[in-house]
Amino acid sequence: MIKGMTDRELDLLTYDIRGFLISHVAETGGHLASNLGVVELTVALHKAFDVCRDRIIWDVGHQSYIHKILTGRAPEFSTLRRYGGISGFPKTNEHESDVYNSGHSSSSISAAMGLAESRALTGADYHVAAVIGDGALTGGLAYEGLNNVGNRQTKLIVILNDNEMSISKNTGSVAQHLSRLRASQGYQQTKHLVKESMQRIPKVGDRMVHSAERLKEIMRHAVVPGSLFEALGFTYFGPVDGHNIRELVDLFEAVKQLDGPVLLHVVTKKGKGYRNAEKNPGRFHGIGPFDVETGKELVSPGRTWSKAAGGALLDMAGDERIVAISAAMTEPVGLSSFAAAYPDRFYDVGIAEAHAVTFAAGLAMGGLRPFVYIYSTFLQRAYDQIMMDVCAQNLPVVFMIDRAGCVGNDGETHHGVFDLSYLSHIPNLVVMAPKDEDELIRMMKSAVTYDRPTAIRYPRGRVCRLPKEYSVTSSATSGVTSIATSGDFSPIEIGRSERLLTGHDVELRAVGKMVEIAVEAAEILGKLGISCGLVNERFVTPPDAASIILTGQRNIPIVTMEDNVAKGGFGETVTVLLTEQGCPVRVLPIAWPDEFVPQGGVDELMHTYGLDVAQVTLRVTELLRHYQSEERMKSLLKKIGESPQGED
Ligand SMILES: Cc1ncc(C[n+]2csc(CCOP(=O)(O)OP(=O)(O)O)c2C)c(N)n1
């Protein structure tokens, strides 16, 4: 449909798309500002390319909403990011034009190169393009792709969407390079030359190749000499106005005809067309449901773990060895105040998680105490650096792992449900998870004293608030009481859990956020006449082996609870420990299943996958079926008001 539209019709279309985006994202939440910035770019791509035959890869993929609208998914937009609904990222199972499931940044060029090379080897015939933002271009993987593409001279179109923003203002020397390119004469010249050259490109025949070559030759001189991309073997065009559909279409048509790699530098405005987002593109990068008029979010998350974690570091900054690192997520991880107060001791390294970790290793080697704030899912990028550069050298780096566990609506690519599995087996690394804000602060302070690598993982959203009595603690190992009321920030002995309840029917051993759920479940179970022990595990590595074995020896069934996948998680650690000790006690691991958990509300997913209070209560009573008389079991289940099969 777009193909036959006039310029005027296309203008109206972009206007309608913006209205549609704003009203829908105001209800569902999502990545609004990034999408508003690429309306014309996406429309132009759809006009110049055959999106079902050609292969367009969206880097990160958070800016693919317009592509979804233009490929017939507008009627489903009220389900955007909801359980069972359409995803906020490209999904190959949603539409044939979604060719790659992105979500993590900076991978588009490598994936596109793979497609382009396979096209050559299989004799297929389609165009391949990668759309990558200037933020995503700070990621090292992008350069590995550029380097390889340039070297092979793969026929590939890279469209650089430069809006000067990552989530906040983009940083780094490449960003400065782009800024110099933007300020160059190239833009005006490119505009003029493209027009001129396009008029000369015939539709068919040998002359087309000749003209394309000529175009390449002309354009080569239209830009600042010595662009980084030219040095990497690309033909660089730009910068061009990313909001001028006509010009973009002309350029796309032209570069389609070139052999070898092309980089088209497109300049756009993040948040374009919506005043609130233009004024504050960072806040509208990813936003919850909001009021269109005021731009205010409808639901306040309250005091979040991120705010608590960032604020705590600010309070600890009196120790001048402390420095903080963020990988392009300063505001989301709660570090804005620290960055403002201590600019010399704060580093935003760009979307460069692997670099962030090795850089932290270097800082620690120099005597500092780096705190590296990265989301659980993105820290996966730095697995080798955590292992080899930090842990193998036993360096005192503190990993502040935000968004650990289920994150909700961003879905498969963003859930942080693997970190306990990918960290627990690394020698030297202490892995902790706090039950509430006080414990988070205490763990951060403890970490500085440990003098070895430490990871503290905490979830997305509001901090847990436990009833007062659960912050009075006693040692789980020996029963000797070591009172630690809320506000006690003395260092925690490594590997020491905290007993919150003593019971004889079953023992809940919970990690981090799951403590809050365990507390509620234990209370309900108590009312049903089931006596629950409850331990706040605090350490996943090293686990509190003495305490776990003691429970095993008392032959009390154990329920481990963690916001992580079961494989390689805390439950497995407990099972192995007890097996080694020859304790035949039953262990029920409550964890995420071994699959990519889909998008949905956190509470909804926790319920669906058996991790919320109701499901935990039910699963514990089911477990105890083996230990209870049939009669008692029936009466318990009746009291909960659910059938035992309800879980399946
Ligand atoms: C590996 C990784 N780290 C961090 C993120 C979080 N993230 C999502 S989008 C984004 C900024 C991307 O900026 P840019 O590519 O310029 O796109 P824009 O939103 O500005 O259009 C970041 C840091 C991610 N998706 N992947």
Side-chain angles (χ1 to χ4, degrees), residues 21 25 30-42 57-67 88-90 100-111 130-142 144 158-172 174-175 178-179 242-243 265-272 277-278 280-287 306 325-333 335 348-357 372-383 385 401-403 407 410-416 460:
L21 275 176
V25 178
H31 289 97
L32 184 60
S34 312
N35 279 287
L36 288 172
V38 295
V39 175
E40 288 80 11
L41 176 59
T42 314
I57 296 190
W58 298 89
D59 206 286
V60 183
H62 62 311
Q63 76 292 55
S64 61
Y65 295 6
I66 301 107
H67 168 72
F89 298 90
Y100 174 71
N101 290 350
S102 35
H104 284 206
S105 168
S106 318
S107 58
S108 62
I109 298 170
S110 304
V131 183
I132 182 166
D134 57 312
L137 199 67
T138 60
L141 184 56
E144 295 174 28
V158 175
I159 298 160
L160 168 59
N161 171 31
D162 179 7
N163 56 20
E164 300 178 55
M165 297 283 295
S166 190
I167 287 181
S168 39
K169 185 95 185 136
N170 202 11
T171 58
V174 175
L178 295 181
S179 158
H243 298 296
H265 182 178
V266 172
V267 178
T268 60
K269 185 168 182 54
K270 195 160 177 165
K272 187 171 171 68
E278 282 191 19
N280 199 341
R283 196 163 68 77
F284 282 87
H285 173 86
I287 190 162
S306 306
I325 300 172
S326 149
M329 307 288 277
T330 306
E331 168 66 29
V333 298
L335 279 176
D348 178 355
V349 298
I351 308 179
E353 291 81 5
H355 161 67
V357 172
V372 185
Y373 285 67
I374 295 181
Y375 285 13
S376 168
T377 187
F378 303 138
L379 193 60
Q380 288 164 194
R381 279 271 165 98
Y383 177 70
Q385 288 72 22
I401 308 179
D402 199 333
R403 273 42 165 203
V407 298
D410 281 337
E412 293 90 333
T413 51
H414 283 61
H415 292 309
R460 170 171 180 258

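Each ligand, and each atom within it, is numbered from 1 in the order the structure gives.
- For ligand 1 and Gly133, the ligand atoms under 4.0 Å from any heavy atom of the residue are 14 (P), 15 (O), 16 (O).
- Between Gly103 and ligand 1 there is a heavy-atom distance shorter than 4.0 Å.
- Glu144 contributes no side-chain N or O that, together with a main-chain N or O of Ala142, makes up a donor-acceptor pair within less than 3.5 Å.
- When heavy-atom distances to ligand 1 are checked against a 4.0 Å cut-off, Asn163 comes that close only through its side chain, counted from C-beta outward.
- Residue-ligand proximity, His104 to ligand 1, at heavy-atom distances under 4.0 Å covers atoms 26 (N).
- The protein non-hydrogen atom at the shortest distance from atom 15 (O) of ligand 1 is Ala136 N, 2.9 Å.
- Rounded to the nearest 0.5 Å, atoms CZ (Arg460) and OG (Ser306) are 9.5 Å apart.
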Task: Chi angles and distances behind the side chain to side chain contact (heavy atoms under 4.5 Å, CB included) call for Thr377, Thr413 - done: CA-CA 7 Å; Thr377 187; Thr413 51; 5.8 Å; no
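- Under 4.0 Å from ligand 1, the heavy atoms of Ile351 that appear belong solely to its side chain.
- None of Val266, Ile66, Asn163, Val131 except one satisfies the side-chain contact (heavy atoms from CB on, under 4.5 Å) rule with Val38; the exception is Ile66.
- Residue contact check: Ser105 has heavy atoms under 4.0 Å from atoms 1 (C), 2 (C), 24 (C), 25 (N), 26 (N) of ligand 1.
- Atoms of ligand 1 lying under 4.0 Å from any heavy atom of Met329, numbered from 1 in the order shown and given with element: 6 (C), 23 (C).
- Numbered from 1 in the order shown, with element, the atoms of ligand 1 that lie under 4.0 Å from a heavy atom of Lys270 read 18 (P), 19 (O), 20 (O).
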Open item on the list: Go through it in stages, so that I can follow the logic: the residues are Arg283 and Glu331, the test is side chain to side chain contact (heavy atoms under 4.5 Å, CB included), and I'd like the CA-CA distance, side-chain angles, deciding distance and then a yes or no.
Closed with: CA-CA 9 Å; Arg283 196 163 68 77; Glu331 168 66 29; over 6 Å; no
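- Here the protein heavy atom with the shortest distance to atom 14 (P) of ligand 1 is Gly135 N, 3.5 Å.
- Looking at ligand 1, you won't find any N or O of Ala327 less than 3.5 Å from one of its N or O atoms.
- Taking the six-membered ring for Trp and thresholds of 30 and 60 degrees, His67 and Trp58 have ring planes inclined between 30 and 60 degrees apart.
- The shortest N/O to N/O separation between Arg381 and ligand 1 does not fall below 3.5 Å.
- The closest protein non-hydrogen atom to atom 8 (C) of ligand 1 is Val60 CG1, 3.9 Å.
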Open item on the list: side chain to side chain contact (heavy atoms under 4.5 Å, CB included), that's the test. Do Ser105 and Val60 meet it? Break it down for me.
Closed with: CA-CA 5 Å; Ser105 168; Val60 183; 3.6 Å; yes
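- Heavy-atom proximity to atom 2 (C) of ligand 1, evaluated over Trp58, Phe89, Phe378, Tyr375, is greatest for Phe378.
- Using a 4.0 Å cut-off between heavy atoms, Glu353 contacts ligand 1 through its side chain alone, with no backbone atom that close.
- Distances shorter than 4.0 angstrom occur between a heavy atom of Ser166 and an atom of ligand 1.
- Remark: Asn161 CG to Leu137 CG distance equals 11.0 Å, nearest 0.5 Å.
- In this structure, CG on Asp134 lies 7.5 Å from CD on Glu164, to the nearest 0.5 angstrom.
- Here His31 has no heavy atoms under 4.0 Å from ligand 1, in either its backbone or its side chain.
- When the heavy-atom distances from atom 10 (C) of ligand 1 to Leu137, Ile167, Thr330 are ranked, the shortest goes to Ile167.
- With respect to Ile325, the side-chain contact (heavy atoms from CB on, under 4.5 Å) criterion is satisfied by exactly one of Ile374, Val349, Asp348, Thr330: Val349.
- Residues His104 and Phe89 place their aromatic rings such that the two centres sit no closer than 6.0 Å.
- Backbone and side-chain nitrogen or oxygen atoms of His62 are examined, and one is located within less than 3.5 angstrom of a nitrogen or oxygen of ligand 1.
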TODO: Before giving the answer on side chain to side chain contact (heavy atoms under 4.5 Å, CB included), spell out for Ser110 and Leu141 the whole-Å C-alpha distance, their side-chain angles and the decisive distance to 0.1 Å.
DONE: CA-CA 8 Å; Ser110 304; Leu141 184 56; 3.9 Å; yes
